[in-house]
Amino acid sequence: MPTDVNLWPLIGVAIIIAGFVLRFNPMLVVIVTAIGTALAAGFPIEKVLTTIGTGFVKTRNLPLIILLPLAVIGLLERHGLRQHAQRWISNIKSATAGRLFIVYLAARQLTAAVGLTSLGGHPQMVRPLLAPMAEGATENRYGKLPAKVRDKLRAFSAATDNVGLFFGEDIFVAFGAIVLMVTFLKEAGIEVEPIHVALWGIPTAITAFVIHAIRLHRLDATLAKEIASENAAETAAANTKK
Amino acid sequence: MTLTIQHLYYLIGFILAVTALLTVRDASNPRRFSSALFWAIYAVVFLAGDVIPPMWIGLMAVIMAVIAGFGGVAGGKHQPRTDAQYLESAKRLGNKLFVPALAIPLITMIGTLSAKHLIFGGTPLIDLKNSTLVSLGVGCVVALIIACWLTRETPVQGMRESWRLTDALGWALVLPQMLGMLGLVFSDAGVGKAVAYVTTTYINMDIKFIAVAVYVIGMALFTVIMGNGFAAFPVMTGGVGVPVLVHHFGGDPAVMAAVGMLSGYCGTLMTPMAANFNLVPAALLEIDKNAVIKAQIPTALLLLTANVFILYFLMFR
């Protein structure tokens with residue numbers, strides 16, 4: 001079949017998958033993929049560099065959200081913000097990591113759905129507040145946490161923020177993704193109302209909440225079991241040493 | 001005067017220049033010269049990114065990737081305070097510690113919502129195109145002032161703390177931007193077109209349910225590759241969604257778009273390409289770099305399966 005589509009740039013997809021699977025350094029994988037893809041598209045070397053440079057300048061907004069809060073968060077950490085967050089949550093006797101995450105998930109999804117996407121985020125919410133609170137609530141019940149359990153709590157803190165944000169913001173009509181969808185469909189000759197696109201996001205948003213909340217609910221039981229087995233392993237190891 | 005994203009670039013450029021300076025003077029850092037060079041180049045990208053010809057920026061990006069790729073970016077030994085010191089100031093300051101931390105999201109929110117009303121003599125105070133990011137910048141500066149006042153520290157100490165955390169993040173901090181750049185290179189090189197061509201040519205989409213499944217799963221897979229649902233959407237919707245689901249089977253385009261994009265987000269949860277959401281938080285929380293993705297995969301796969309049915313039943317209701 002004759003085709004005017006150049007299939008060579010697909011080599012980029014192969015390079016990046018191979019690079020990540022073989023665990024090469026991600027920065028090298030990305031730059032090699034960028035160069036390889038641009039060469040496969042038939043760009044001369046100056047255009048390859050120009051394309052990379054233009055893209056690198058255009059995406060300068062991406063690190064802002066991480067870099068800007070670091071000074072404040074670092075200063076507060078130096079003065080015990082994480083320790084205080086842990087102590088604060090230990091006053092709430094019914095608090096467990098799972099329950100805390102479910103409340104946070106609901107709050108994150110609802111606030112994102114009304115456009116308040118900035119009321120959360122990894123540098124300003126997850127690291128200084130949510131993760132220490134989850135650790136504090138769990139420590140309150142079980143004492144000092146094995147490293148494996150602590151890392152799992154941290155991973156779930158970040159995951160919960162992501163799930164809440166992703167499946168909340170698409171319900172907000174003024175969100176960029178809705179504009180993008182409506183504009184794209186318009187160019188394809190299909191007229192849709194932004195509000196309809198936003199409303200039809202609700203079934204998936206609710207499903208996302210239910211699925212993730214059930215997993216968070218089960219997390220509490222899993223944690224109890226893991227802590228028990230880790231502690232047993234530690235005791236056994238200590239006994240054999242004697 | 002309007003506060004624009006350009007001012008934030010200068011601010012970040014300044015912070016990174018300070019980071020480079022502190023790094024080069026840090027004898028505890030085993031790679032202090034290459035690390036400092038890395039941060040210095042990055043500072044230049046922010047300070048002068050729009051005056052330097054793109055070809056040179058491209059070369060600088062390659063140099064940064066090579067320095068990072070061969071282990072040239074390392075952090076120094078930052079002396080943590082003792083547990084007693086942390087607890088002492090946590091007790092002394094108590095809930096006041098929450099104030100600057102919560103001021104950041106609060107000011108960002110207020111700024112974003114009121115940006116359209118803050119217009120004086122025809123000049124907006126906050127750039128309307130980037131009101132959230134600019135408000136975030138304002139929020140962080142205000143929060144830093146409050147934090148310094150509360151803790152009796154100087155802004156210089158704030159810079160040192162920023163450097164400490166930047167050191168801990170290392171090159172992971174630059175990865176989101178590198179991947180964003182790669183997404184643009186992919187679209188310039190026509191990767192999307194090639195993927196759409198391959199999917200539509202080799203899969204039989206005469207059965208309605210299969211067509212729906214291909215669209216939903218394709219959105220997720222393509223997002224895994226591109227790291228971004230926005231890049232996958234035009235490809236899958238142009239290649240499968242509009243011609244097959246809407247024109248051939250007569251489905252509702254609004255449902256298709258909404259569920260399609262959210263299927264793309266399921267892909268975002270599963271890919272290292274979405275560095276800002278998956279790899280950077282892992283670095284921030286000092287856990288294994290794939291730990292966040294691992295925590296998310298079950299949610300993403302279950303939701304993706306649900307989406308196939310949601311789209312199938314709601315689109316052809």
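Throughout, a chain's letter reflects where its sequence line sits, starting with A, and its residues are numbered from 1. Note that the structure is predicted; figures quoted are calculated from it, not measured.
Residues satisfying the side-chain contact (heavy atoms from CB on, under 4.5 Å) criterion with A:Thr207, sequence neighbours excluded, are A:Ile211, B:Leu303, B:Ala306, B:Ile310.
For chain A, no part of B:Ile293 is nearby; none of its heavy atoms comes within less than 4.5 Å. With a 4.5 angstrom heavy-atom cutoff, A:Arg87 touches chain B only via side-chain atoms. When heavy atoms are compared at a cutoff of 4.5 Å, A:Pro194 does not approach chain B at all. Only the side chain of A:Phe43 has a heavy atom closer than 4.5 Å to any heavy atom of chain B. Of the two parts of A:Leu165, only the side chain, counted from C-beta on, holds a non-hydrogen atom closer than 4.5 Å to a non-hydrogen atom of chain B. Looking at A:Ile190, only its side chain comes within 4.5 Å of chain B, counting heavy atoms on both sides. Of the atoms belonging to A:Asp161, not a single heavy atom falls under 4.5 Å from chain B. With a 4.5 angstrom heavy-atom cutoff, A:Pro128 does not touch chain B via any of its atoms. Both the backbone and the side chain of B:Leu262 come within contact range of chain A, judged by heavy atoms closer than 4.5 Å. If you measure heavy-atom distances from A:Ala131 to chain B, the contacts under 4.5 Å come from the side chain alone. Contacts between B:Pro80 and chain A at a heavy-atom distance below 4.5 Å are absent for every atom of the residue. For a residue to count as touching a neighbouring chain, one of its non-hydrogen atoms must lie under 4.5 Å from one of that chain's; by this rule A:Leu199 does not touch chain B. For A:Ile66, the part lying near chain B is the side chain, with the backbone staying farther off; criterion is any non-hydrogen pair under 4.5 Å. Contacts of B:Glu153 with chain A are made by side-chain atoms alone, with heavy-atom separations under 4.5 Å and no backbone atom involved.
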Quiz item: Where do A:Leu10 and B:Val198 land on the side-chain contact (heavy atoms from CB on, under 4.5 Å) test, with the steps shown first?
Solution: CA-CA 10 Å; A:Leu10 284 177; B:Val198 171; 3.8 Å; yes
Exercise. Apply the test side-chain hydrogen bond (donor to acceptor under 3.5 Å, both in side chains) to residues A:Thr51 and B:Asp188: give CA-CA distance (whole Å), side-chain angles for both, the deciding distance (0.1 Å), then the verdict.
Key: CA-CA 8 Å; A:Thr51 313; B:Asp188 275 3; 4.7 Å; no
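A:Asn162 has its side chain within reach of B:Val292: a pair of non-hydrogen atoms, C-beta onward, lies under 4.5 Å apart.
Contact count versus chain A (heavy atoms, under 4.5 Å) is highest, among B:Leu16, B:Thr151, B:Leu136, for B:Thr151. The residue among A:Met181, A:His122, A:Arg154, A:His79 with the most heavy atom pairs within less than 4.5 Å of chain B is A:His79. Ranked by non-hydrogen atom pairs under 4.5 Å with chain A, the options B:Val259, B:Leu11, B:Leu173 are led by B:Leu173. Per-residue counts of heavy-atom pairs under 4.5 Å with chain A were compared for B:Gly158, B:Gly137, B:Gly229, B:Ser263; the largest is that of B:Gly158. Highest contact tally toward chain B, considering only A:Met27, A:Glu77, A:Arg78, A:Lys58, is held by A:Arg78 [criterion: heavy-atom pairs under 4.5 Å].
Identified by a heavy-atom distance below 4.5 Å to chain B, the contributing residues of residues 13-21 of chain A are A:Val13, A:Ile16, A:Phe20, in residue-number order.
Relative orientation of the A:His84 and B:Phe98 rings is tilted, given thresholds of 30° and 60° on the angle between their planes. Ring geometry for A:Phe56 versus B:Tyr42: interplanar angle of 30 to 60°, hence tilted.
Taking OG of A:Ser157 as the reference point, atom CG of B:Leu284 lies at 12.0 Å (rounded to 0.5 Å).
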